[in-house]
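Written below as structure tokens is the structure these notes are about.
The residues of the chain are indexed from 1 along the displayed sequence. This one's a predicted model, so the numbers in the text were calculated from it and none came from an experiment.
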Amino acid sequence: MRPGTAAPLLIACALRIERAALCGGRGAGAPERYEVLRTGMGPRAAERAVTRALAGPGLRGAAVLATGFCAGLLPGMSPGDLIVAEETRDPRGTVACAGTALLAEALARAVPGRTVHLGALTGSDHVVRGQERAQLRATGAIGVDMESAATLWTATREGTVAEGADRPVAAVRVIVDAPEHELVRIGTVRGGISAFRVLRAVLPAFYDWHRSLLLPRR
């Protein structure tokens, strides 16, 4: 890749409805080369899909951002709140995310009035409910989903952006249910619609994060 040339951007999500929100329009500021990848549900599906995508020549050296919906773990969280992962965790280990402060600021501009939470995002191979939420919260995690940790783990092990440089990765999730707003309760549809609208609005923030990767590192 030529110096000063932006790496491609791979945005990975699991569900058809998430991809529909993210593909609503390319919009101003979009990178020249980017792809929205639907991986399918679960960590294994995410790992397979991301491995295949990054092996293609069009996404060589791509920065990777995992996104979609998630469960919030902290009391007071609401559907439509956002989580910017400072790190993702799963049984294989922890992956640090790049540019989290800038990404949080960009999201606040893109969806004013929505709360942006920064913290650890943990992975699971199933939908988390009830007491398991409290157990995960006790580890220091603020949100949980099934694909982000696997996506970022895979991305950091599939080559680099440039020789000697780590691949930039990030994860942004929109909360669709939380301790006071579990999916099984009345109001789920309203919460889902709220989260969909937020996800549809965040692409400019993802583009800002991607552009920031070209800035000199201090």
Side-chain angles (χ1 to χ4, degrees), residues 8-23 34-56 59 62-74 77 82-98 100 103 117-160 166-179 182-184 192 195-196 199 202 206:
L9 173 61
L10 177 64
I11 299 172
C13 60
L15 304 176
R16 185 176 288 107
I17 190 172
E18 294 167 341
R19 191 175 190 278
L22 294 162
C23 290
Y34 87 109
E35 179 179 331
V36 177
L37 172 71
R38 184 168 76 90
T39 64
M41 288 183 64
R44 291 184 181 178
E47 183 174 351
R48 288 193 298 266
V50 172
T51 297
R52 287 194 301 267
L54 294 179
L59 290 174
V64 175
L65 192 152
T67 194
F69 304 138
C70 76
L73 298 176
L74 303 183
M77 286 179 160
L82 292 129
I83 290 177
V84 175
E86 295 178 317
E87 63 183 30
T88 58
R89 305 169 177 173
D90 72 4
R92 294 173 293 186
T94 298
V95 175
C97 298
T100 54
L103 188 49
H117 306 268
L118 281 84
L121 187 62
T122 194
S124 175
D125 61 3
H126 59 277
V127 175
V128 173
R129 302 190 188 281
Q131 184 59 31
E132 193 174 1
R133 290 178 187 265
Q135 293 169 355
L136 292 175
R137 184 169 66 245
T139 71
I142 67 170
V144 56
D145 75 274
M146 292 194 286
E147 297 83 27
S148 292
T151 293
L152 270 53
W153 179 270
T154 303
T156 56
R157 281 146 184 80
E158 290 295 326
T160 57
D166 294 332
R167 183 192 300 280
V169 295
V172 173
R173 288 280 168 171
V174 183
I175 294 171
V176 73
D177 70 322
E182 288 203 15
L183 285 172
V184 295
F196 179 88
L199 188 58
V202 297
F206 296 172

Q | Partners meeting side-chain hydrogen bond (donor to acceptor under 3.5 Å, both in side chains) with Arg89 (sequence neighbours left out) | A | Glu87
Quick one: pull up [atom1] in [X] and [atom2] in [Y] and give me the separation to the nearest 0.5 Å.
X      : Y      : atom1 : atom2 : answer
Gln131 : Gln135 : CD    : CD    : 5.5 Å
Glu147 : Leu121 : CD    : CG    : 10.5 Å
Tyr34  : Leu22  : OH    : CG    : 8.5 Å
Arg167 : Thr156 : CZ    : OG1   : 8.5 Å

Q.
Between Arg173 (side chain only) and Thr67 (backbone N and O only), is there a donor and an acceptor less than 3.5 Å apart?
A. yes
For [X], all residues meeting side-chain contact (heavy atoms from CB on, under 4.5 Å), sequence neighbours excluded:
X      : result
Leu118 : Val84, Glu86, Thr100, Ala104, Val116
Arg52  : Arg48, Ala49
Ala138 : none
Ala66  : Ser148, Thr151, Leu152, Ala171

Heavy-atom closest pair, residues [X] and [Y]:
X      : Y      : value
Phe206 : Leu103 : CD2-CD1, 4.3 Å
Cys70  : Asp145 : CB-CB, 3.9 Å
Ile17  : Phe69  : CG2-CE1, 3.9 Å
Ala149 : Asp90  : CB-CB, 3.8 Å
Gly143 : Ile83  : CA-CD1, 3.7 Å
Thr154 : Glu47  : OG1-CG, 3.3 Å

Give every donor-acceptor pair under 3.5 Å between a side-chain atom in residues 36-44 and any protein atom, sequence neighbours left out.
| unit_1 | atom_1 | unit_2 | atom_2 | d |
| --- | --- | --- | --- | --- |
| Thr39 | OG1 | Cys13 | O | 3.3 |

